[in-house]
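Residue numbering restarts at 1 for every chain, and letters A, B, ... go by the order of the sequence lines.
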2 protein chains.
Amino acid sequence: MNIATVAERSGLPAKTIRYYEDIGLIRPARRDNGYRDFAEADLHKLAFLGRARSLGFSIEECRMLLALWEDRSRASADVKALAQKHLDAIDAKIVELQGMRDTLASLVHHCAGDHRPDCPILSDLAGEG
Amino acid sequence: MNIATVAERSGLPAKTIRYYEDIGLIRPARRDNGYRDFAEADLHKLAFLGRARSLGFSIEECRMLLALWEDRSRASADVKALAQKHLDAIDAKIVELQGMRDTLASLVHHCAGDHRPDCPILSDLAGEG
DNA sequence: CTTGACCTTCCAGTTACTGGAGACCCTATC
DNA sequence: GATAGGGTCTCCAGTAACTGGAAGGTCAAG
């Protein structure tokens, strides 16, 4: 399979696939002409990576997940621990964003948004009041 | 004021303050010895930036907010529009993260997390089922 | 005069790609 | 055989917003 085919089937851009090879996540075979020659197994790995990335796992976490996936003797506890840690990070991020949103929403709500210069948003950022 | 004082009073690391000067957000005076000499106005700007950044505004948005703040004749509508746009972006991000969290939480919930290799998290990432 | 804390600049690294340049390869058509 | 068009290759640079560290100048105290 050429890279364009794999890109389409995995949903990842060709650029990203080359990048993933660069950082050692995949090792597609090569043809005599230098073109990458992807096997079904490579495609599966890429799809796996795409899904893990879409769940917000970092590349390094994906590397670990991939290793666990390929390790027939892994303990599911290891996977769960990794996922739970990531879940906690996501929750923390959500809380952080909600804090921002609440503050910002309140500021936006109190801003007249007209032609006059008075603006509670700027006043707040300036530390007034 | 030396940079360490401003760093402490603004809550921003000295490194960050130098960076902000680098990208033109502030222009502190210089002493003969080359040291930066911050005025109260610089400190206020930095505190403003710190608050705007903590609300998740990007550096370029901060640059615009700063310009609006310093423009006595600005219309509050301009500020509100900027803030509203950012608020929408935050909301979108929250929704995205909540989607991730829900999926991930469900996977984690169904994973035994024991010594056995069977793991629904990996199965899902692998596209099985 | 030396020590130690500050200050300076500049360079490199971080995350996960993305865009683009220049060049090679393959297939089809004329 | 020449050419046109895609597809592919590698490599370099840039993104956001810092952060760490090296090498070296400055300042106040003892």
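When the nucleotides dT9(C), dC7(C), dC18(D) are ranked by their closest atom to the side chain of T16(B), dC18(D) comes out on top. Side-chain atoms of K15(A) lie closest to dG19(C) of the nucleotides dG19(C), dT10(D), dT26(D). Side chain of A4(B), nearest nucleotide from dC6(C), dT8(C), dT10(D): dC6(C). The nucleotide whose nearest atom lies closest to any side-chain atom of I3(B) is, among dT18(C), dT8(C), dT8(D), dT8(C). Each of dA17(D), dC17(C), dC9(D) was ranked by its minimum atom distance to the side chain of Y19(B); first place goes to dA17(D). If you check dA17(D), dA16(C), dC6(C) against the side chain of Y35(B), the one that comes closest is dC6(C).
Enclosure of atom CD in E8(A) is not indicated, since only 12 or fewer non-hydrogen atoms of other residues, nucleotides or ligands lie within 6.0 angstrom.
When the P atom of dT8(C) is taken as reference, atom CD of E21(B) falls 8 Å away, rounded to whole Å. Taking atom CG of residue D37(B) and atom C1' of nucleotide dT26(D), one finds them 15 Å apart after rounding to whole Å. Computed from coordinates, the F57(B) CZ to dC18(D) P distance equals 15 Å when rounded to whole Å. Atom CD of E60(B) and atom C1' of dC18(D) are 14 Å apart (whole Å). In this structure, D22(B) places its CG atom 10 Å from C1' of dC10(C), rounding to the nearest Å. One atom, CZ of R53(A), and another, P of dT15(C), lie 11 Å apart when rounded to the nearest Å. Here the C1' atom of nucleotide dT18(C) and the CD1 atom of I23(A) are 14 Å apart, to the nearest Å. Whole-Å rounding puts the R30(A) CZ to dC9(D) P distance at 6 Å.
A close approach under 4.0 Å does not occur between any side-chain nitrogen or oxygen of N33(A) and OP1 or OP2 of dT8(D). Checking the phosphate oxygens (OP1, OP2) of dT8(C), a side-chain nitrogen or oxygen of R36(B) falls inside 4.0 Å. Between R31(B) and dC6(C) there is no side-chain polar atom (N or O) within less than 4.0 angstrom of OP1 or OP2.
Checking D114(B) against S76(A) by side-chain atom types alone, a donor-acceptor pair falls below 3.5 Å.
Within the 4.5 Å cutoff, the side chain of E21(B) has no heavy atoms near those of the R18(B) side chain. Contact annotation: the side chain of L25(B) approaches that of I59(B) to within less than 4.5 Å [non-hydrogen atoms, C-beta and beyond].
The residue R18(B) sits close to a base: some heavy atom pair falls under 4.0 Å. Counting any heavy atom pair closer than 4.0 Å across all strands shown, Y20(A) reaches sugar-phosphate atoms only and no base atom.
Along DNA chain C, the nucleotide nearest I59(A) and the nucleotide nearest F38(B) are compared for position; the residue whose nucleotide lies closer to the 5' end is F38(B).
For the pairing with D88(B), the side chain to side chain donor-acceptor pair (under 3.5 Å) check across K85(B), H86(B), Q84(B) returns one residue only, Q84(B).
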